[in-house]
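Before any comments, here is the structure.
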Amino acid sequence: MKQNLQSVLLNAVKRKLINGVNNNITFFTNNVTRSKLFLLPFSSTTRSPKFSPPSSKYLAASIFIGGGLAASITYSPLIHAEAPPDSGDSSTPKIRLTEVHQHGRDAETKWVTKGTRVYDITDWIPGHPGGEVILRAVGGAIDQYWNIFSIHKKQEVYDILESGYIGDVDPQDLVDGRVPVDHVEDPFKNDPKRDKKLMVLSARPCNAESPEEELGSWCTPNETFYVRNHMWVPEMGAGNHKLVIELPDGEEKEYTLEDLKAKFQEVKITATLQCSGNRRKHMTQEARSANGLQWGVGAISNAEWKGVRLRDLLADAGLNLNDLPEDAKHAQFMGAEAYGASIPIDKAVDKRGDVLLAYEMNGQPLPPDHGYPMRVLVPGTVAARSVKWVNRIVVGEEESTSQWQRRDYKCFGPNVCAPQAKWDEAPAIQEMPVQSAITSLRDISCHSATDRKLLQVYGLEEDSVAVEGYAWSGGGRKIVRVDISADDGRNWHQAELLLDESRGSKAWAWQRWRWLVPRWQAGQYFVVKAIDEANNVQPAEYEPHWNFRGNLTNSWHRVEYRHMGM
């Protein structure tokens with residue numbers, strides 16, 4: 001705790017110097033120690049504080065910078081951002097709303113109000129999961145936006161906001177004790193209706209798993225294909241949609257959907273998309289709590305995609321694929337709703353990489369939730385790079401500057417917590433590790449005519465248990481074996497790898513598998529692990545691979561067995 005406090009104090013003093021408010025009392029909150037900090041200047045001659053803490057229960061600390069500046073720090077228990085008390089403490093800075101309005105989108109420091117409290121969120125913006133959408137609220141009240149983006153209403157977000165607390169709204173500006181707010185148009189009002197079978201984790205924005213019963217088919221139906229949205233679904237029309245490609249020399253070329261269909265060879269591939277947070281819930285349950293949506297096994301789905309190759313578009317736009325410019329290192333993708341991501345240029349132009357500008361999914365135009373009228377499809381790579389509603393592609397020296405590329409989809413060691421993360425040093429997730437999961441566990445009766453046919457296929461005549469699921473590996477690596485255990489990993493068998501109907505240069509699609517075992521051999525837990533053609537295998541435990549974002553959870557999947565007679 002001492003080291004964390006020192007870090008917070010240092011940052012507080014640095015910010016004080018930068019903001020040039022050496023003669024004012026400034027308030028800070030330490031999210032690590034959960035304490036409210038008051039930064040007070042010392043007298044340059046007596047080194048005594050100009051301000052006395054309001055109560056003896058406050059503890060004190062001091063810090064010296066460069067031999068010249070000293071600061072006295074006192075701290076008290078954290079006041080929660082969601083339900084602040086109406087304190088009449090005269091020591092709390094009172095801030096006029098006119099001053100809050102001056103710290104809007106174009107200001108160096110950006111403020112918001114929530115309730116009657118004022119927050120400086122300047123340092124939060126680069127890591128905001130919603131990207132620059134937060135800029136809609138700066139200089140004003142954030143309450144109405146959080147009522148729309150209900151995903152904010154959780155403790156970890158409240159704690160982050162509280163770390164920027166700088167004072168209270170001046171009572172002169174309150175109406176009936178509240179900050180007056182303007183009406184905000186709901187950007188989610190035109191979102192598409194979703195299938196009721198989807199397992200919704202958040203409604204606004206929509207994030208929903210494919211139900212396990214829908215994961216048993218080779219291609220996941222469009223209506224139950226898992227949904228991962230970071231914001232609202234933009235209203236798009238195929239007729240007026242434009243895709244702009246920008247090359248390193250600044251040259252641009254524009255394409256319509258009809259241009260893609262008329263000018264380029266049409267390609268079909270079968271590819272699985274998987275969210276980096278798939279099975280995050282298991283990491284939280286088996287190791288430690290991980291931040292983010294608690295996905296089960298359904299943040300993954302498989303489909304047949306139709307579109308044109310990205311490499312063909314880049315060549316048509318003027319990029320020399322045989323002698324790439326030195327500053328052509330990344331392909332950046334921008335979506336119509338402000339989402340952005342990128343992939344290395346080698347993947348973008350690889351003849352066998354099968355990166356598409358896709359406009360059909362399972363034989364139908366892309367549904368709105370999945371990128372209509374066109375999206376990028378980057379097979380074998382984390383789904384976060386397959387940008388939906390794409391309207392701009394930039395080839396350049398830098399990877400995408402979006403926070404989803406720079407500060408979100410990354411992994412850290414199990415010893416690293418969020419405040420310690422060095423985001424710039426961690427590589428962005430691209431190819432995914434080997435994965436498998438059990439999606440169906442059911443009793444098979446020898447007294448059922450239908451079940452007896454399945455038992456005969458496996459040479460069984462007694463009551464059994466049928467286990468099915470998926471296995472997949474990133475980078476197009478083929479699944480070569482699925483190991484299944486009926487007794488929590490003590491004894492292993494190999495599941496049957498079912499035939500697939502893959503299209504594409506590599507094994508981009510998942511591998512379906514099945515195994516039957518006599519019921520008397522079934523213990524309390526079934527366990528599965530997969531092995532790919534590079535002999536990558538899923539790890540047994542969760543803790544050694546824990547990361548605070550809960551990304552890339554791929555340890556053995558364990559499911560409790562309870563037969564119908566229990």
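Here, residue 1 is the first one in the sequence, and each next residue gets the next number.
Under a 3.5 Å cut-off, the side chain of Thr272 and the backbone N or O of Trp510 do form a donor-acceptor pair. Put simply, the side chain of Gln456 never gets that close to the backbone of Lys453: no donor and acceptor are under 3.5 Å apart. Side-chain atoms of Asn362 never come within 3.5 Å of backbone atoms of Ala303 as a donor-acceptor pair (strictly under, hydrogens ignored). Checking side-chain atoms of Gln294 against main-chain N and O of Gly292 turns up a donor-acceptor pair under 3.5 Å. Between the side chain of Arg280 and the main chain of Leu293, a donor-acceptor pair closer than 3.5 Å is present.
If you take CZ on Phe333 and OG on Ser400, they are separated by 10.0 Å, rounding to the nearest 0.5 Å. Distance check, rounded to the nearest 0.5 Å: CG of Asp532 to CZ of Arg477 gives 5.5 Å. To the nearest 0.5 angstrom, Lys253 atom NZ is 4.0 Å from Asp316 atom CG. With values rounded to the nearest 0.5 angstrom, Glu533 atom CD is found 9.0 Å from Ile479 atom CD1. Rounding to the nearest 0.5 Å gives a distance of 4.5 Å between CG of Leu243 and CD1 of Ile393. Here the CG-NZ distance, from Leu356 to Lys306, works out to 12.0 Å after rounding to the nearest 0.5 Å.
For Glu560, the CD atom is densely surrounded, since the number of other residues' heavy atoms within 6.0 Å is greater than 12. Crowding of Glu541 atom CD: a count of heavy atoms from other residues, nucleotides or ligands under 6.0 Å not exceeding 12. Heavy-atom contacts from other residues, nucleotides or ligands closer than 6.0 Å to CE of Met199 number 12 or fewer. Dense packing is recorded around CG of Asn415, with more than 12 heavy atoms of other residues, nucleotides or ligands lying under 6.0 Å away. Summarising the local packing, NZ of Lys478 is surrounded by 12 or fewer heavy atoms from other residues, nucleotides or ligands at distances under 6.0 Å.
Side chains of Gln538 and Ser436: a donor on one and an acceptor on the other come within 3.5 Å. Checked by atom type, the side-chain pair Tyr561/Asp443 shows a donor-acceptor distance below 3.5 Å. With no hydrogens or angles considered, no side-chain donor-acceptor pair links Asn302 and Thr220 at under 3.5 Å. In this model, a donor atom of one side chain and an acceptor atom of the other lie less than 3.5 Å apart for Asp487 and Asn491.
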Hey, mind stepping through Lys242 and Thr256 against side chain to side chain contact (heavy atoms under 4.5 Å, CB included) and telling me if it holds?
CA-CA 5 Å; Lys242 301 289 193 302; Thr256 65; 3.8 Å; yes
Open item on the list: One pair to check against side chain to side chain contact (heavy atoms under 4.5 Å, CB included): Leu313 and Leu260. What are the steps and the verdict?
Closed with: CA-CA 8 Å; Leu313 265 76; Leu260 301 190; 3.5 Å; yes
(message) For Trp556 and Phe526: C-alpha separation, side-chain torsions, deciding distance, then whether ring pair (Phe, Tyr, Trp, His ring centres under 6.0 Å) applies.
(response) CA-CA 10 Å; Trp556 296 355; Phe526 280 77; over 10 Å; no
Using the side chain to side chain donor-acceptor pair (under 3.5 Å) rule, take Asn207 and Arg228 through it: C-alpha gap first, then chi angles, then the decisive distance, then the call.
CA-CA 5 Å; Asn207 290 282; Arg228 176 66 173 111; 2.8 Å; yes
- Tell me, with the steps shown, if Arg385 and Tyr409 meet side chain to side chain contact (heavy atoms under 4.5 Å, CB included). CA-CA 10 Å; Arg385 311 304 169 212; Tyr409 292 98; 3.4 Å; yes
Next on the checklist: Please determine whether side chain to side chain contact (heavy atoms under 4.5 Å, CB included) holds for the pair Trp389 and Val233, giving the CA-CA distance in whole Å, both sets of side-chain angles, and the decisive distance to 0.1 Å.
Outcome noted: CA-CA 9 Å; Trp389 314 293; Val233 176; 3.8 Å; yes
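In this structure, Lys388 does not pair ionically with Asp369, as no charged nitrogen and carboxylate oxygen lie closer than 4.0 Å. Looking at Glu266 and Lys261, no side-chain N of the basic residue comes within less than 4.0 Å of a carboxylate O on the acidic one, giving no salt bridge. Taking 4.0 Å as the cut-off between side-chain N and carboxylate O, Arg406 and Glu398 count as a salt-bridged pair. The pair Lys197-Glu213 fails the salt-bridge criterion, with no side-chain N (NZ, NE, NH1 or NH2) lying under 4.0 Å from an Asp/Glu carboxylate O.
Taking all atoms of both residues into account, the shortest heavy-atom contact from Gln430 to Gln405 is NE2-NE2, 3.6 Å. Here the shortest heavy-atom pairing between Ser210 and Ile300 reads OG-O, 4.1 Å. Residues Trp508 and Gly353 come closest through the heavy atom pair CZ2-O, 3.5 Å. Closest non-hydrogen pair, Thr284 versus Ala290, comes out as OG1-N, 3.1 Å. Between Thr439 and Gly469, the shortest heavy-atom contact is OG1-CA, 3.4 Å. Considering every non-hydrogen atom in both Gln494 and Ile484, the closest pair reads C-CG2, 4.5 Å.
Using a 4.5 Å cut-off on side-chain heavy atoms (C-beta onward), Trp520 and Glu462 make contact. Side chains of His370 and Val227 form a contact here, defined as non-hydrogen atoms less than 4.5 Å apart. Using a 4.5 Å heavy-atom cutoff, the side chains of Met334 and Asn391 are in contact. The closest side-chain heavy-atom distance from Leu324 to Leu319 is below 4.5 Å. Side chains of Ser386 and Arg375 form a contact here, defined as non-hydrogen atoms less than 4.5 Å apart. The side-chain heavy atoms of Val465 and Leu441, taken from C-beta on, include a pair separated by under 4.5 Å.
The aromatic ring centroids of Tyr470 and Trp218 lie 6.0 Å or more from each other.
Paired with Leu377 under the rule side-chain contact (heavy atoms from CB on, under 4.5 Å), one option of Asp354, Leu273, Leu310 passes, and it is Leu273.
Ring-plane geometry between His557 and His282 is classed as parallel, the angle between the planes falling under 30 degrees on a 0 to 90 degree scale with a further cut at 60. Classified by interplanar angle (parallel below 30°, tilted 30° to 60°, perpendicular above 60°), the ring pair Trp515/His493 is parallel. Classified by interplanar angle (parallel below 30°, tilted 30° to 60°, perpendicular above 60°), the ring pair Trp295/Tyr226 is perpendicular.
Within the structure, salt bridge (charged side-chain N to carboxylate O under 4.0 Å, His left out) pairs that include any residue of residues 494-504 comprise Glu304-Arg503 (at least two apart or interchain).
Every residue two or more places apart in sequence or in another chain that forms a side chain to side chain contact (heavy atoms under 4.5 Å, CB included) with Arg442 is listed here: Ser440, Ile444, Asp451, Leu454, Ala466.
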